[in-house]
Amino acid sequence: MSTNNRITKLFNIKYPLIQAGMVWASGWKLASAVSNAGGLGIIGAGSMYPEVLKEHLLKFKKATNKPFAVNVPMLYPNVEEIMQIIIEEKVPIVFTSAGNPKTWTKFLQDHGITVVHVVSSVKFALKSQQAGVDAVVAEGFEAGGHNGRDETTSFTLIPMVKEKLDIPLIAAGGIATGRGMLAAMVLGADAVQIGSRFVASNEASSHISFKEMVVNAQEGDTKLTLKELAPVRLLKNKFFDDIQELYAKNSSKEELQQLLGRARAKKGMFEGDLVEGELEIGQISGLIKNIKPAADIVTEIIEEFEKVKSQINQF
Ligand code: NDP
Ligand code: NDP
């Protein structure tokens, strides 16, 4: 791995491999396992009440002294309180998402924190750069969970963002292997962010039934839906079918919101209700075949990356 990589230098990590912040999956256990293995672990604060985040930060720091980040979706209800904890607990890196990068970037950087913003388009990548963030994650249509409306795939998004952006670029969406990581870097990324593959890890806090469903998922088993509310890629289950039924009846946004209700994501991914819950995962789940320790996932990806890179001149 090159020692000149802009992301490994920025984050002070060994490999340009970042584990995505994921609600109900990426608590301190997963994040510390990835950071200990040489990547960047991220604690996903989107599903954590402030005191839960605090507990996770304390447990993380007992498990490792390696660099790490917290992902804060800006639509989180108690975002000010979360930011205060981040300052108090001296979190070194924050990944903001689902909001305007202007809102928190300067405040966090004034406290010595490195700021990365997650986007799904060239327009918002440039807006993030103008807001002064240190790096951008560009996430394509393949990604699981909440996503952009425009359905721009990673294969097209990464080179388009690369052409316009000066600051470091992290590719996300559809990457789960060393081969995928290399492809993203050939397209112009400095690093990759990987979510789905780490859901199928021993350390993810997701329910075992959800992890097993991810491992059994085939190509075509996920779909981006609920664009009227917040676009989200889900595994097809009864809840997904209920959404389709409402669409078939030309139902209103209010009816969709009523069906969604509250805490469906927790029900599905944390409590393991595969029938009524919201099951967020990426298209690449079709390639994920086993649940294993996060450190093994990191090693496997890096080994494949190096192997395929060494063979590339055969093309
Ligand atoms: P359990 O105590 O049965 O824990 C299930 C898994 O989640 C374990 O690996 C456990 O790790 C981990 N876990 C439990 N509590 C937390 C926490 N506060 N933060 C991070 N990981 C945790 O589940 P509970 O139903 O008792 O969980 C309590 C609450 O914690 C949940 O209702 C939820 O609000 C929150 N939580 C949020 C997570 C997220 O957003 N990623 C993840 C897990 C929990 P261990 O017990 O070894 O610390
Ligand atoms: P809901 O509004 O349906 O439910 C909120 C869930 O978050 C509940 O399960 C609740 O746990 C938990 N929670 C954690 N902290 C708080 C808090 N301070 N106030 C209220 N609830 C809290 O949300 P969803 O499940 O649909 O979404 C979960 C999160 O996903 C959102 O809060 C948001 O942060 C994130 N999100 C991220 C996006 C992105 O990054 N692009 C886009 C859209 C959403 P409990 O059930 O134990 O009360």
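All values below come from the heavy atoms of this structure, side chains included, with hydrogens, waters and symmetry mates left out. We count ligands from 1, going down the list as the structure has it; atoms in each ligand are counted the same way. Small disclaimer: the values here were computed from a predicted structure and weren't measured.
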Query raised in the report: Out of curiosity, is W24 lining ligand 2, as in a heavy atom under 4.0 Å away?
Result: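 The answer is yes, since W24 has a heavy atom less than 4.0 Å from ligand 2.
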Query raised in the report: Is A230 near ligand 2, meaning one of its heavy atoms is under 4.0 Å from it?
Result: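 For ligand 2, residue contact (heavy atoms, under 4.0 Å) with A230 is absent.
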Compare [options] and give the one whose heavy atom is closest to [atom].
{"atom": "atom 14 (C) of ligand 2", "options": "S47, A20, P77", "result": "S47"}
{"atom": "atom 39 (C) of ligand 2", "options": "A98, A45, G21, G145", "result": "A98"}
{"atom": "atom 8 (C) of ligand 2", "options": "M74, E139, R262", "result": "R262"}

Query - L169 CG to I7 CD1 distance, which is reported to the nearest 0.5 Å - result: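 These two atoms lie 8.0 Å from each other.
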How close do [X] and [Y] get, counting heavy atoms only, and between which atoms?
{"X": "I302", "Y": "L17", "result": "CD1-CD1, 4.0 Å"}
{"X": "K289", "Y": "V215", "result": "O-CG1, 3.3 Å"}
{"X": "Q19", "Y": "Q193", "result": "C-CG, 4.4 Å"}

Are any of the side-chain heavy atoms of [X] and [Y] separated by less than 4.5 Å?
{"X": "T156", "Y": "F141", "answer": "no"}
{"X": "E89", "Y": "L58", "answer": "yes"}
{"X": "M22", "Y": "M269", "answer": "no"}

Query raised in the report: Is H146 close to ligand 2, meaning an N/O of one under 3.5 Å from an N/O of the other?
Result: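 No.
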Query raised in the report: Polar-atom distance check: N78 versus ligand 2, any N or O pair below 3.5 Å?
Result: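 Indeed, backbone or side chain, N78 has an N or O that close.
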Near [X], which atoms of ligand 2 are under 4.0 Å from a heavy atom of that residue?
{"X": "V23", "value": "30 (O)"}
{"X": "K266", "value": "9 (O), 45 (P), 46 (O), 47 (O)"}
{"X": "A265", "value": "25 (O)"}
{"X": "S97", "value": "40 (O)"}
{"X": "G46", "value": "29 (C), 31 (C), 32 (O), 34 (O)"}

Report task. Kindly check if the number of other-residue, nucleotide or ligand heavy atoms within 6.0 Å of NZ (K164) is above 12? Result ->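 Incorrect, the count does not exceed 12.
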Query raised in the report: Using heavy atoms and a threshold below 4.0 Å, how should the contact between L75 and ligand 2 be classified: side chain, backbone, both, or neither?
Result: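 The answer is the side chain.
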Report task. Taking the six-membered ring for Trp and the full ring for Phe, Tyr or His, determine whether the centres of H111 and F107 are under 6.0 Å apart. Result ->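 When the ring centroids of H111 and F107 are compared, they turn out to be within the sub-6.0 Å range.
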